[in-house]
Each structure stands twice: as C-alpha cells, then as structure tokens.
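I am attaching a structure below and will ask some questions about it afterwards.
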Protein chains: 2
Amino acid sequence: MRLSTKGRYAVTAMLDLTLNGSDGPVTLAEISETQGISLSYLEQLFAALRSKQLVKGVRGPGGGYYLGREADEISIADIICAVDEWVEFTRCGGNRDCQDGKRCLTHNLWDDLSNEIFSFLQSITLAELVERGGLKEQGCRKEKEKASIMPTATADTAAA
Amino acid sequence: MRLSTKGRYAVTAMLDLTLNGSDGPVTLAEISETQGISLSYLEQLFAALRSKQLVKGVRGPGGGYYLGREADEISIADIICAVDEWVEFTRCGGNRDCQDGKRCLTHNLWDDLSNEIFSFLQSITLAELVERGGLKEQGCRKEKEKASIMPTATADTAAA
DNA sequence: TTATAACCAAGTAAATGACTAGGTAATTAT
DNA sequence: ATAATTACCTAGTCATTTACTTGGTTATAA
C-alpha cells in the first residue's frame with residue numbers, strides 16, 4: 001500500500017466531484033482553481049481514474065467529469081489504487097531465500113497489516129466521508145476547532 | 001499521512017527487533033541480511049528511530065539495538081511517523097484564499113480521513129501485530145494460502 | 001465554424017528512495 | 001595496550017517519482 005500526496009490529490013479531486021457533480025459535470029479547470037492543483041497534473045490523474053471507470057468524461061463545451069458510479073460505490077482505496085498503483089511488496093517469492101523463516105515471518109506480518117490498511121480504506125466511501133465529516137461544520141472555520149481534532153499528540157486509542 | 005516502502009522497511013526492521021530482541025540486542029548487520037535491506041540505509045532509518053526513542057543502540061562487540069520501549073507501547077504510526085515524517089498538508093492557512101469554502105470543505109474532509117488513518121495505525125502496536133498475525137501460521141507457507149487473502153486482483157468487495 | 005472542453009504525448013526540474021563510500025566513537029575481547 | 005566489533009555520522013550518487021509545462025488532437029455544443 002502506498003499513500004502519498006498524489007493519492008491525496010486524487011481523493012481531494014474526487015471529493016470535489018462528489019460535492020459539485022450534482023448540477024452538471026465538473027471541469028478540471030474548476031477543480032484546478034478550487035483545489036490548487038495543476039490542470040495537466042489533474043488530467044494525468046483523471047486518465048488513471050477514468051481507466052478504472054471511477055470517473056466519466058464528457059467532452060465539448062459544458063462538458064467535464066462525472067463520478068463513474070454512485071458516491072457510495074466508490075471507496076477511498078479504489079481511488080488511491082487507481083493513481084498510486086498498489087505496489088505488491090514483500091512476497092519473497094514464496095519459497096526462495098527464506099532465511100530460516102525469519103524474513104517470511106516479518107513479511108507475513110507486514111502483509112497482514114497492509115491488508116488491514118487496505119480493507120480499512122476500502123470500507124470508507126466518498127459518500128460516507130461527505131456525510132459524516134463535511135456537511136455539519138461546513139465552510140472555513142477559523143482554525144482553533146480543527147486543532148482539537150488532530151490526533152497528533154493524543155495517545156488514547158488502544159483498542160484493536 | 002504518507003505511507004511508502006520506506007515506512008515498510010522501518011516497520012519490518014522493528015518487527016525483526018520485536019521478534020529477536022528477547023535474547024540480546026540485534027545488530028543492523030543481521031537485520032540487513034535477514035530482511036534484505038542495505039546496512040547503511042538501515043543506519044539512516046535507525047537514526048530517525050533513535051531520535052524518537054523508538055530504539056536504543058548499544059555500541060561495541062555484542063552490541064546492537066533494543067526496542068526503546070515495550071512492544072505494546074510502540075504503535076505502527078509511531079514508526080512510520082519517525083521515518084516518513086508526518087507531512088501536514090492541506091490546512092490552507094485557516095483563513096487565506098478560502099475559495100467560497102469549497103477548497104476548505106474538501107480539505108477538511110481529507111483531514112478527517114487522514115486523522116482516521118492515523119488513529120487506526122496508532123491503535124496497532126508491534127506486540128499486537130506479532131500476536132495475531134505471526135505466531136499461528138509461522139514459517140514460510142508455500143504460496144497459495146496467501147494469494148486468497150490478497151485483494152490485488154479481486155473486484156468483488158463493494159459493500160461498505 | 002468556433003470556442004470549449006476532454007484527451008494525449010513528451011519533456012523537465014525538484015524531491016525522494018535506496019544505496020555506496022568513507023569515515024569516527026565507544027566497547028568488548030585478546 | 002591493541003585489535004575487532006559495533007553503533008554512529010557525513011557526503012555523495014543514481015534511479016524513480018512528483019508535480020508541472022508545452023503543445024498538441026479530438027469531440028461537441030453554441
């Protein structure tokens with residue numbers, strides 16, 4: 001699993017589509033301006049998203065992009081995998097150079113964790129994200145409320 | 001949040017420490033050979049881990065590395081943040097260039113998601129990972145069992 | 001028929017990833 | 001004391017990835 005700023009760009013753009021796609025298609029130019037992402041970079045990202053049927057393009061004036069399916073049918077994992085490519089690491093060949101099982105053991109553990117992260121991201125849809133996070137505290141609250149949400153310093157969550 | 005192969009290297013190495021640190025410190029040379037990671041690269045990663053007190057170095061012959069605290073006190077998020085640096089994106093300044101609240105809205109949504117991923121990774125400790133994943137199916141199973149778990153090629157899971 | 005948009009290809013500067021080379025410093029064994 | 005072993009440190013390198021630019025082509029609505 002890879003999760004970089006590229007994936008964030010894609011998710012952000014898809015969120016934009018979700019929020020603004022109800023009244024006609026959204027142009028990349030709009031997303032570019034609103035989200036502060038280069039137009040051509042967006043085109044590249046959307047080429048990947050389109051190839052996975054996550055968005056639908058409409059050409060010509062008045063055109064733009066729609067979501068490829070309903071917002072509750074698109075998971076965050078779908079989006080990230082489309083642009084970031086799910087890198088298949090470890091896997092040490094299954095048999096070759098398995099150092100006393102030690103290497104494979106840790107690799108298996110990482111695989112397990114990796115799978116958990118994946119299914120976690122797969123369990124969150126665009127629709128859900130918009131429902132719980134966005135609409136209640138809309139707009140641009142100054143700054144202080146958000147700081148309390150950040151988990152940076154907290155050490156409370158311990159339940160698996 | 002960034003989650004790359006660099007973070008995987010760090011987690012893998014820390015897992016190695018967890019599994020083998022009970023009888024004396026583990027040398028980077030051992031980890032390098034067992035896990036197939038360059039020694040100098042490990043040194044760089046461990047410099048970061050050490051600065052965050054996640055590992056303790058012991059110099060001289062017979063030296064090596066211990067975990068900095070108990071395995072159930074070290075979360076995956078701790079490790080990844082140490083080496084990958086938690087990049088604080090979005091946040092659009094709180095006030096400036098807030099495009100009708102649109103940009104901030106999507107950024108808030110991403111922040112929420114980012115926080116969830118973080119607290120998810122913070123909820124998993126090294127000790128937990130070893131307990132559930134590793135010990136039951138130890139060693140290097142040939143290959144087929146693992147394939148069924150991997151979500152790479154499947155397109156079935158769509159339910160949230 | 002013209003403007004608007006999606007589409008496409010190639011190249012680029014900067015950052016990152018993973019590694020190499022060549023050290024110094026502390027500690028144990030001889 | 002001396003030598004071996006290990007952590008620890010700095011700098012540099014090459015390939016890949018990021019994010020972007022330039023310069024197109026197609027399709028479609030006005």
Side-chain angles (χ1 to χ4, degrees), chain A residues 1-13 16-17 20-21 24-33 35-68 80 82-87 89-90, chain B residues 1-13 16-17 20-21 24-33 35-68 80 82-87 89-90:
Chain A
M1 185 71 211
R2 181 188 295 175
L3 182 53
S4 64
T5 52
K6 192 177 176 185
R8 166 190 134 233
Y9 276 146
V11 172
T12 301
D16 201 312
L17 269 197
N20 299 109
V26 183
T27 67
L28 293 189
E30 286 173 307
I31 300 179
S32 171
E33 203 176 348
Q35 302 301 333
I37 310 170
S38 130
L39 177 59
S40 275
Y41 195 41
L42 275 176
E43 284 178 343
Q44 286 174 42
L45 296 179
F46 272 70
L49 293 171
R50 189 161 34 82
S51 77
K52 297 285 171 57
Q53 261 87 45
L54 295 179
V55 294
K56 245 177 307 192
V58 179
R59 287 178 158 193
Y65 279 99
Y66 285 110
L67 289 181
I80 290 175
V83 299
D84 254 338
E85 220 70 36
W86 180 284
V87 199
F89 11 61
T90 66
Chain B
M1 185 72 210
R2 179 187 297 174
L3 184 53
S4 64
T5 51
K6 192 177 177 184
R8 167 191 133 232
Y9 276 146
V11 172
T12 303
D16 201 310
L17 269 197
N20 299 109
V26 183
T27 68
L28 292 188
E30 286 173 306
I31 300 179
S32 171
E33 202 176 350
Q35 303 301 332
I37 310 172
S38 131
L39 177 59
S40 276
Y41 196 41
L42 274 176
E43 285 179 343
Q44 288 174 38
L45 296 179
F46 273 71
L49 294 171
R50 189 161 34 81
S51 76
K52 298 283 171 59
Q53 261 88 46
L54 295 178
V55 295
K56 244 178 309 195
V58 179
R59 286 177 160 194
Y65 279 99
Y66 285 110
L67 289 182
I80 290 174
V83 298
D84 255 337
E85 221 69 38
W86 180 283
V87 199
F89 10 61
T90 66

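Within every chain, numbering begins at 1; the chains are lettered A, B, ... in the order of the sequence lines, protein sequences first and strands thereafter. If you're wondering where the values come from, they're calculated on a predicted model, not measured in any experiment. Basis for what follows: all heavy atoms, side chains included, without hydrogens, waters or symmetry-related copies.
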Could you state the CG-P distance from B:D84 to D:dT17, rounded to the nearest angstrom?
->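 Atom CG in B:D84 sits about 16 Å away from atom P in D:dT17.
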
Under 3.5 Å, side chain of A:S32 to main-chain N/O of A:L28, donor-acceptor pair present?
->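 Answer holds: no.
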
Euclidean distance, atom OH of residue A:Y66 to atom P of C:dC7 [Å, nearest integer] =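 From A:Y66 OH to C:dC7 P: 13 Å.
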
Distance from A:I31 atom CD1 to A:N20 atom CG, nearest 0.5 Å?
->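 With rounding to 0.5 Å, CD1 (A:I31) is 8.0 Å from CG (A:N20).
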
Taking only side-chain nitrogens and oxygens of A:Y65, does any of them come within less than 4.0 Å of OP1 or OP2 of C:dC7?
->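 Yes, because at least one side-chain N or O of A:Y65 sits under 4.0 Å from OP1 or OP2 of C:dC7.
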
Measuring from B:L49:CG to B:K56:NZ, what's the distance to the nearest 0.5 Å?
->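 Going from CG on B:L49 over to NZ on B:K56, the span is 14.0 Å.
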
d(CZ, B:F46; P, C:dA18) in whole Å =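 Taking CZ of B:F46 and P of C:dA18, I get 15 Å after rounding.
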
Calculate the interatomic distance between A:Q44 atom CD and C:dA10 atom P; express it in whole Å.
->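 After rounding, the gap between these two atoms is 13 Å.
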
Is the shortest side-chain N/O distance from A:T5 to OP1 or OP2 of D:dT18 below 4.0 Å?
->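 The answer is no; no side-chain N or O of A:T5 sits under 4.0 Å from OP1 or OP2.
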
B/S/- contact track for nucleotides 21-30 of chain C, protein heavy atom under 4.0 Å | B---BBBB--

Whole-Å gap separating C1' (C:dA6) and CG (A:L39) =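 Checked: the CG to C1' distance equals 10 Å.
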
Heavy-atom closest pair, residues A:Y66 and A:G21 =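 Distance-wise, the nearest heavy atoms are CE2-O, 4.0 Å.
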
Do you know the tightest heavy-atom contact between B:P25 and B:G62?
->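 Scanning both residues completely, I find the closest heavy atoms to be CG-O, 3.3 Å.
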
Between residues 49-57 of chain B and DNA chain D, which residues have a heavy-atom gap below 4.0 Å?
->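 DNA chain D contact set from residues 49-57 of chain B: B:R50, B:G57.
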
Mind listing the closest non-hydrogen atom pair of B:A48 and B:A82 along with its distance?
->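 Nearest heavy atoms, B:A48 then B:A82: CB-O, 3.6 Å.
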
Rounded distance in Å - CD (B:Q35) to C1' (C:dA18) =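 My rounded result for the distance is 16 Å.
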
Atom CG of B:L42 to atom C1' of D:dC9: distance rounded to whole Å?
->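 One finds 16 Å between C1' of D:dC9 and CG of B:L42, rounded.
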
Do B:L42 and B:Y65 pass the side-chain contact (heavy atoms from CB on, under 4.5 Å) test, and can you show the C-alpha distance, the side-chain angles, and the key distance before you say yes or no?
-> CA-CA 12 Å; B:L42 274 176; B:Y65 279 99; over 6 Å; no

Just checking B:L28: base, sugar-phosphate only, or nothing, at a heavy-atom cut-off of under 4.0 Å?
->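 If one applies the 4.0 Å heavy-atom cut-off, B:L28 turns out to touch the sugar-phosphate alone, with no base involved.
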
Between NZ on residue B:K6 and CD1 on residue B:I80, distance to nearest 0.5 Å =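 Interatomic distance, B:K6 NZ to B:I80 CD1, rounded to 0.5 Å: 12.0 Å.
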
Check the distance between C:dA14's P and A:Y41's OH and give it to me in whole angstrom.
->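 Answer to the nearest Å: 17 Å.
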
Considering only D:dC20, C:dA6, C:dC19, which nucleotide approaches the side chain of B:Y9 most closely?
->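 Nearest listed nucleotide: C:dC19.
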
At what distance, to the nearest 0.5 angstrom, does CG of B:L54 lie from CG of B:L45?
->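 Going from the CG atom of B:L54 to the CG atom of B:L45 covers 12.0 Å.
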
